[in-house]
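Everything below concerns the one structure shown next.
Quick note on labels: first sequence line is chain A, next is B, and so on, each numbered from 1.
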Amino acid sequence: MISPETRLCRNPQVVARELGESEGGVLLHLASGRYHGINTVGLTIWGLIEEGCTVADLIDRLRDLVEDPPPSLETDVLEFLMIVHERDLVIVEQ
Amino acid sequence: MIRNSSPGTCFGFAVRSALPFHYLRGGGDGQTIDISAPSAVSDDQHGEVLLEWTPSSRFPLAGSLVRADPGYRLWIETWGWFLIDPETPHVTLPDTPNVVRREERLWSIPAMLCFLARGDTALHAAAVEVDGRAVVFGAPGSFGKTTLAAAFHAAGHRLLSEDTTCVRTSETPLVVPGPAMLRIRHDVAQQLEIPHATPVGTVADDRVHLALDPALRGDCNPVPLRAIVLLRRADRGFRIEPVPSDRAIRDLWSLSFRLPTDADRARCFTAVADIARSVPVWNLHRPLTMRDLPATVEYVVQHA
């Protein structure tokens with residue numbers, strides 16, 4: 001379960017690549033060979049996770065980066081993080 | 001037949017060898033690759049098997065790729081061992097009287113391993129030069145890339161690669177020309193006149209093996225990559241559509257050659273994503289008939 005207190009980092013078995021402007025990016029999970037497309041906001045979140053951070057920190061930083069953040073930002077981010085966690089793209093730090 | 005001690009270039013390598021070659025291009029610039037024979041490896045030598053394959057349309061003979069020190073050993077059914085040291089680079093070939101087919105094998109996996117070590121990327125694709133830039137044809141199915149490449153050659157465009165395309169992912173992606181050969185099916189050869197090319201080899205198989213005239217081969221200087229065209233079948237008419245980058249990655253990934261290691265998968269993925277980001281990728285739907293080939297060439301030149 002992902003909560004605001006959860007601390008996340010990227011799975012080192014994942015390679016990310018940005019695509020063209022407004023095209024987001026792609027993530028390749030090396031062990032499974034599966035790749036996943038993410039939109040520009042997802043790519044921004046991926047960038048924020050780089051150093052490892054709590055979900056609450058991530059949401060705060062994203063709110064600063066996004067112009068006119070929607071009221072559902074926190075819910076949207078939590079949903080996104082649960083998906084990428086389920087796909088083993090991020091790791092919950094103990 | 002070209003035969004001398006410094007015969008030419010392929011995939012950007014300046015070949016140094018006393019062996020006969022049929023498909024090299026001009027020029028002598030680039031990293032030297034030593035090619036020698038015969039390889040002397042007994043079949044009971046073991047190592048980490050990286051790849052194994054059974055006969056398929058792409059690799060008609062069974063084979064295996066084994067890690068060695070240095071480099072790799074490639075075993076191909078009926079041929080024996082190719083020893084590949086990509087770092088030097090140096091490839092040692094098995095002994096055989098069938099030097100044409102052996103050279104064709106050389107410019108497949110052994111050459112790929114050497115140019116991957118140089119930082120380039122291998123795509124299972126053909127490439128031609130159109131107005132000074134390269135157009136790459138990938139056929140996710142078996143949809144006639146070699147036949148189309150032959151039609152481009154017949155229409156006066158330089159053939160850069162027939163089966164394996166070497167892509168350099170610089171800021172502007174480039175294609176490094178490969179062997180100057182065409183291997184087309186007999187039924188295609190009967191229907192499509194291929195000018196400026198000479199049949200080579202004496203061992204019959206399901207293909208006509210052609211060496212392009214030396215005057216038309218050019219050298220191995222990289223050619224800027226204009227577009228990648230993925231060949232699809234259409235019942236009638238032509239249609240071309242851009243492929244979004246994320247979908248293009250899927251197709252280019254399936255066309256790419258990579259070793260089953262995390263490091264090589266990461267390298268390949270990065271290269272493929274960079275190509276998809278910076279080069280237009282198209283789906284070309286076209287009739288798969290011989291009589292439509294000239295129109296297909298014209299359509300690609302105009303639209304891709």
(message) Can you tell me which portion of Q13(A) sits under 4.5 Å from chain B's heavy atoms? Options are side chain, backbone, both or neither.
(response) side chain
(request) Decide if atom CD of E21(A) counts as having more than 12 heavy atoms of other residues, nucleotides or ligands within a radius under 6.0 Å. (result) no
(request) Evaluate whether atom CD of E79(A) has more than 12 neighbouring non-hydrogen atoms of other residues, nucleotides or ligands under 6.0 angstrom away. (result) no
(request) Locate the shortest heavy-atom distance separating V26(A) from D246(B); write the atom from each residue and the value. (result) CG1-CB, 4.3 Å
(message) Heavy-atom cut-off 4.5 Å, strictly under: side chain, backbone, both or neither for L27(A) against chain B?
(response) backbone
(message) Counting neighbours of CZ on R247(B) that are heavy atoms of other residues, nucleotides or ligands and sit closer than 6.0 Å, is the number greater than 12?
(response) no
(request) Among the options A276(B), P244(B), S245(B), pick out the one with the most heavy-atom pairs lying under 4.5 Å from chain A. (result) S245(B)
(message) Check this for me: Q302(B), atom CD, are more than 12 non-hydrogen atoms of other residues, nucleotides or ligands nearer than 6.0 Å?
(response) yes
(message) Let's go through L28(A) and I249(B) carefully: what are the C-alpha distance in whole Å and the side-chain angles of both, what is the deciding distance for side-chain contact (heavy atoms from CB on, under 4.5 Å) to 0.1 Å, and is it a yes or a no?
(response) CA-CA 11 Å; L28(A) 173 69; I249(B) 288 171; over 6 Å; no
(message) Between A266(B) and chain A, with a heavy-atom cut-off of 4.5 Å, which part of the residue counts as in contact: side chain, backbone, both or neither?
(response) both
(request) Please check if the side chain of R265(B) supplies one atom and the backbone of G33(A) the other of a donor-acceptor pair under 3.5 Å. (result) no
(request) Quick one: closest heavy-atom pair of R277(B) and R17(A), and the distance? (result) NH2-NH2, 4.4 Å
(request) Could you tell me whether D131(B) atom CG has more than 12 heavy atoms of other residues or ligands within 6.0 Å of it? (result) no
(message) Within a 6.0 Å radius of atom CZ on R63(A), are there more than 12 heavy atoms belonging to other residues, nucleotides or ligands?
(response) yes
